Amino acid sequence: MKDRSRNYDVIVVGAGHAGCEAALAAARMGCSTIMFNINLDSIALMSCNPAIGGLAKGQLVKEVDALGGEMGKIADKTAVHFRLLNASKGPAVQSSRFQCDKQLYRLAMKAVVEKEKNLHIRQTLIDRIVVEDGRAIGVEDHIGVFYGGRAIIVTTGTFLNGLIHIGSVHYQAGRAGETASVCLAESLRSLGLEMGRMKTGTPPRLRASTIDFSKLERQDSDPEPEPFSFTTEKLREERLPSFFSYTTRETHSLIRENIMSSPLYSGVIKGISARYCPSLEDKVMRFSDKERHPVVLEFEGLETEEVYAKGLGNSMPQDLQELIIHSVPGLEDAEVMRPAYAIEYDFVQPTQLRQTLETKPIAGLYLAGQINGTSGYEEAAAQGLWAGINATLAVQGRAPFILDRSEAYMGVMIDDLVTRGVDEPYRMFTSRAEYRLILREDNAAIRLMAKGFDLGLIPRNHYDHLQEKVREITDRIHRLSALKIFPNEKVNNILQIMGTPPIKNPVSLYQLLKRSEISYDDLKVFEGWEPIADRFVKKQICIESRYEGYIKRQQEAVERMKQIEGKKIPKGINYECIPGLSTELKMKLMKIEPSTIGQAERIPGMTQAAITAILIMMKKMEIEAAAKKEKKPLSS
């Protein structure tokens with residue numbers, strides 16, 4: 001049923017966190033867009049923990065927001081528990097984590113996408129990517145209906161050939177209770193894409209009224225949390241606590257004695273698991289010296305009895321799962337509302353993608369989210385936004401949108417994926433970002449909102465509001481730098497009361513603020529100080545003063561890096577003709593097609609000698625091109 005009247009600029013397959021951001025970006029940038037989902041009631045459904053953010057993930061959420069994405073806004077509207085992780089450490093590694101009401105989040109995002117101009121939503125199962133002459137021209141659903149599109153973005157999450165495991169039982173599903181996308185997996189494979197198999201899982205959900213919370217350690221929200229979104233003025237007031245318990249010797253004995261009941265150990269599961277997020281049976285077997293492992297209980301919402309049992313994820317048979325749960329203090333009588341399970345699914349090796357997330361073999365076909373071998377809502381949302389922006393720019397005939405590793409965590413993630421590929425589910429870590437001191441969570445809006453505004457994703461009033469704050473930060477720093485205090489008995493007595501050393505020479509209030517024991521408001525005892533009501537402005541002033549030298553050195557390192565690694569590699573370069581390159585490196589270079597020397601340097605196994613050989617070839621190509629240019633007028 002190839003009815004060409006069903007034509008759109010951008011087609012998005014899947015309405016999870018990646019799909020929603022991709023579709024909203026395309027529609028808001030002026031493209032007629034349609035988004036498909038197997039079930040419209042599961043748009044933006046949180047399959048695992050209903051939490052947004054976390055270490056390094058909070059940075060991604062802030063960056064998505066700064067570029068005009070939606071995740072941070074929805075998290076702010078629906079969060080019921082707030083934590084700033086690594087609060088005792090420096091700002092480079094601090095990250096926000098919000099526990100959200102699972103159903104409120106889904107409904108809030110569903111309302112946003114439904115009301116978006118230019119965005120159509122359709123419930124159906126997409127079975128095939130339609131390709132003509134090496135270009136994706138549309139999709140076909142399970143009843144044969146064709147939808148034409150100039151750009152296709154596939155965001156299938158764990159649905160691509162998904163297979164659920166609970167003990168010896170396994171069945172096809174995208175997640176428990178939902179249909180797997182089997183034909184689409186075969187369609188992608190038939191297009192020549194290299195695919196692999198990943199494995200993830202989710203812990204059991206327990207009934208709150210059957211848990212003995214008196215035996216558990218309670219953790220409440222931070223008293224004054226800061227929102228994810230720059231546009232959020234007020235967070236919701238409802239709060240839910242989290243609770244902590246631990247596994248026991250009995251827990252570990254049950255697992256060891258029945259380990260072959262786990263499909264992970266019996267050899268049934270073939271997919272690759274993440275080392276950083278092992279299942280409970282994996283933790284018990286791999287870390288035999290550990291007498292206990294933490295269990296965190298988090299409510300799934302304000303109006304539900306379901307409690308997410310983080311740390312109890314496993315793929316054991318259901319009757320054994322109940323024994324394991326009941327061996328944990330506080331959970332002796334806990335009722336299981338949903339069992340834990342493992343799920344295997346297909347992914348596409350991301351080295352087959354350009355930096356825009358367009359596939360190299362098929363023009364106009366973009367991939368985002370877990371289909372690229374990543375793990376996590378935040379990684380998916382960032383890729384979805386990135387793919388949505390680039391698909392739209394391609395349709396509109398505009399230059400692609402690329403952020404490098406010094407500009408955003410998003411840039412680090414995309415570069416890692418397309419250059420290095422994945423051998424396990426990819427998760428964002430602060431350690432992956434070489435320039436994390438200047439890629440902080442708190443300055444994401446300052447770093448990226450201008451780009452979001454230029455793309456048409458940030459309204460003028462929000463951008464102007466940020467510029468006012470930036471001007472105030474600069475102005476306040478100038479004023480503090482001009483306010484001097486002088487060494488005398490009165491001043492040094494004040495400093496002693498503050499718990500900081502006396503001064504021997506005149507210093508400015510800005511210099512004094514560099515001392516970690518002094519806050520901005522502590523300076524009010526000195527003449528000329530002025531109060532600041534805006535927490536964002538105050539925080540930026542403190543960070544800029546305290547880390548000024550480190551930030552300056554990192555910015556200088558970025559400039560040096562850009563001079564070297566920013567050098568573009570010409571598209572027509574023939575790696576097979578470069579002497580000194582091993583066969584393995586030639587194959588990797590031809591497969592990845594790095595666009596810059598920096599990207600080539602990050603290819604696994606790359607050597608400095610190989611980079612030198614590439615640079616020599618590039619210089620030779622420049623000389624030959626210049627010679628041809630000089631001869632051209634003579635032959636005309």
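Since the model is a prediction, treat every value here as computed from it, not as a measurement. Just so you know, these numbers use all the heavy atoms, side chains as well, and skip hydrogens, waters and symmetry mates. All residue numbers refer to positions in the sequence shown, counting from 1.
In this structure, E194 pairs ionically with K591, as a charged nitrogen and a carboxylate oxygen lie closer than 4.0 Å. For E306 and R207, the salt-bridge test fails: no basic side-chain N is under 4.0 Å from an acidic carboxylate O. Checked for salt-bridge contact, R602 and D415 meet the test: a charged N lies under 4.0 Å from a carboxylate O.
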Test side chain to side chain donor-acceptor pair (under 3.5 Å) applied to N39 and E178, step by step: CA-CA 8 Å; N39 181 0; E178 296 191 67; 4.6 Å; no
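Atom CE in M46 sits 10.5 Å away from atom CD in Q103 (nearest 0.5 Å). Atom OG1 of T247 and atom CG of L254 lie 11.0 Å apart (nearest 0.5 Å). For the atom pair CD1 of I126 and OG of S181, the computed distance is 8.5 Å after rounding to the nearest 0.5 Å. If you take OG1 on T251 and NZ on K283, they are separated by 11.0 Å, rounding to the nearest 0.5 Å.
Within a 6.0 Å radius of CD in E291, no more than 12 heavy atoms belonging to other residues, nucleotides or ligands are found. For R338, the CZ atom is loosely surrounded, since the number of other residues' heavy atoms within 6.0 Å does not exceed 12. More than 12 heavy atoms of other residues, nucleotides or ligands sit less than 6.0 Å from atom CZ of R236. Within 6.0 Å of the CZ atom in R275, the count of heavy atoms belonging to other residues, nucleotides or ligands does not exceed 12.
Relative ring orientation between F228 and F98 is described as tilted, the plane-to-plane angle lying within the 30° to 60° band. Between F299 and F243, the two ring planes are perpendicular [angle over 60°; tilted spans 30° to 60°].
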With a 3.5 Å cut-off and sequence neighbours excluded, list the donor-acceptor pairs that the side chains of residues 425-432 form with protein atoms.
residue, atom, partner, partner atom, Å
Y426, OH, D416, OD2, 2.7
R432, NE, R427, O, 2.7
R432, NH2, R427, O, 3.0

Exercise answer: donor-acceptor pairs, residues 316-324 side-chain atoms, under 3.5 Å, sequence neighbours excluded:
residue, atom, partner, partner atom, Å
Q321, OE1, A340, N, 2.8
Q321, NE2, M316, O, 2.9
Q321, NE2, A340, O, 2.9

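No cation-pi contact links R122 to F36, judged by a cut-off of 6.0 Å to the six-membered ring centre and 45° from its axis.
Note: Y8 and H120 meet the aromatic proximity criterion, with ring centroids under 6.0 Å apart.
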